[in-house]
Amino acid sequence: MVHKLREQGLAVRGIERGSDVGGTWYWNKYPGASSDSQSWVYQYSFNEEIEQEWDWSCVFPQQPEILAYLQFVADKLDLRVDFDFDTSIDSISYDDAARDWTLTTDAGDALTADYVVTAVGCLSAAQAPDIPGRDSFAGLVLHTSQWPAEPLDLADARVGIIGTGSTGIQATPKLAEMSKHLTVFQRTPQWAAPARNRLLSDAERAELKRDIRTIRDTCKSSPFGHPYWPSEQSALAASPVERTARYQADWDRGGFDFLFGSYGDLIVDEAANETMASFVREKIAELVDDPQLAARLTPDYPFGTKRLPLYAEEFYPAFNRGNVDLVSLRNEPIVEIVPEGIRTASRLIELDVLVFATGFDAMTGPLTRLNITGRDGLKLNDKWADGPQTNLGLMTRGFPNLFMVTGPGSPSVLGNMPVTIEQNVEWIGDLIETLRASGASIEPTVESEQAWGDGINEIANATLFGKYASWYSGSNIEGKPKVFIPYPGGFGEYQRIAAEIAENGYDGFEISVPSPANA
Ligand code: NA7
């Protein structure tokens, strides 16, 4: 965004809480942190030189490599000169008379801007549950998204990890290897698919670079921003033999396409989904030696309705190790955290290190923490008290010229993030260019926000995502409105609608030109 606006001739200031670029990949340094999108699609596509110069080592890059890539991009485009690092935004307020924004920082500075673009991520507001005694623990407490940069020596440590989402699933096998003993506290069992990560050969890299335009164009029109589509075929129309063969081949290859590149009705039809769920249940039973333990690790809801983690091939077998225990919180709830560890309903589990892999206040959390006040003193948090309201996830009424990259109502987290990020950045940059000459401001109409929200609900309710609890609908945070947050109609459709809106002169948005006195 900084690069694009700068190229358009605007004076741009980037404000960043971290000490360097990287965002998610700057903060999430926990062992095993990895992209679940394939490296060659988990990158920018706007600059061919960057695309051709950068070499990925493997299929699913790990955190250090992705951070190095983002630093490489920052170097290449000389981006750091336009950033204030180690700086947090305390508040963002609209001045109705001056028609501009004032941003205050934790350094006590006030900045004025005609346009504000929030690019605060979807999963950056960490949440650690308010378990009684949480702050009394005498050992080291870590949230996976605030992991220290220095290597931790856990060889003699008894480690506890709370949470078995994508993060807990990536971290568990690594912590098991690194620590003396690991206790995994599991509230809801999680489905996972294998990653089968591996190194790329020089020949593969050359081939991917040669075909990269086609691959990226495919991502941009596909439902999940990945280079594959679900087939038109129903899982129920396939014979059991055919179906199992397909699931087995996809399971052996690894990646999200196990679910999202498979039969077309797996995420909309419970009976179709059950064909995949029963296949994976058998896999869990094969991967975990103790049948009772396997049963406790096996979910009782449809496959993939929570965000699908990868690394099944490492996570489930980690429980075969002698130094790993599972505590099922459904049978044995946590009563309190004490200085020595965690007291459950039946025992005290002594720990030296406690890891919260308990996720995030997803999508809305990073924005509601910014303390934003819009036109006529409207507070964003009041407006969104019953759930976010946006058009395209890019803007919200009452907040003129304030834009959101991967905001609530965008497809972002339901697919490959860089694809939504690039589309959002292009769309916002082009719109700012349109507004600049006249000094106009823009915000969505009431009707367009209503329609966008209704559309999200309607599509979500037609899928299993809308029917089962997950952070997609705020279920992980007590008191958070239970509404479906991302746009579930597919990235390809989203970008088609967004382009059409722009072509039609920003249909569904209200553009107001300042009176001559204010121009
Ligand atoms: P997730 O997917 O929200 O997972 C958080 C995990 O923590 C999940 O297993 C939760 O169980 C568990 N949790 C949350 N609160 C509690 C309490 N109070 N007690 C016990 N367990 C709890 O976050 P991740 O960091 O794994 O992944 C987030 C995204 O980051 C990921 O999808 C990628 O897109 C990147 P629950 O299932 O809610 O019962």
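Because the structure is predicted, anything quoted here is derived from the model rather than measured. Every number for a ligand or one of its atoms is a count from 1 in the order of the listing.
A salt bridge links E314 and K174; the closest N-O separation between the charged side-chain nitrogens and carboxylate oxygens is under 4.0 Å. Salt bridge status for D352 with R158: present, with a side-chain N to carboxylate O gap under 4.0 Å. Comment: D361 engages R369 in a salt bridge, judged by a side-chain N to carboxylate O separation of less than 4.0 angstrom. Using a 4.0 Å cut-off between charged nitrogen and carboxylate oxygen, R80 and D20 count as a salt-bridge pair.
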N/O pairs closer than 3.5 Å, ligand 1 and protein:
from     : atom 1 : to   : atom 2 : distance (Å)
ligand 1 : 2 (O)  : W471 : NE1    : 3.3
ligand 1 : 7 (O)  : A357 : O      : 3.3
ligand 1 : 9 (O)  : T164 : N      : 2.9
ligand 1 : 9 (O)  : G165 : N      : 3.4
ligand 1 : 15 (N) : R187 : NH2    : 3.3
ligand 1 : 18 (N) : R187 : NH1    : 3.4
ligand 1 : 25 (O) : T167 : OG1    : 2.6
ligand 1 : 26 (O) : S166 : N      : 3.0
ligand 1 : 26 (O) : T167 : N      : 2.8
ligand 1 : 26 (O) : T167 : OG1    : 3.3
ligand 1 : 32 (O) : S166 : OG     : 3.4
ligand 1 : 32 (O) : R307 : NE     : 3.4
ligand 1 : 34 (O) : R307 : NE     : 3.3
ligand 1 : 34 (O) : R307 : NH2    : 3.4
ligand 1 : 37 (O) : T188 : OG1    : 3.4
ligand 1 : 37 (O) : K306 : NZ     : 3.0
ligand 1 : 38 (O) : R187 : NH2    : 2.9
ligand 1 : 39 (O) : R187 : NE     : 2.8
ligand 1 : 39 (O) : T188 : OG1    : 2.4

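For the salt bridge (charged side-chain N to carboxylate O under 4.0 Å, His left out) condition, the pairs that include at least one residue of residues 296-309, sequence neighbours left out, are D36-R307, D300-R330.
Between the side chains of Y487 and S412, no donor-acceptor pair is found at a separation under 3.5 Å.
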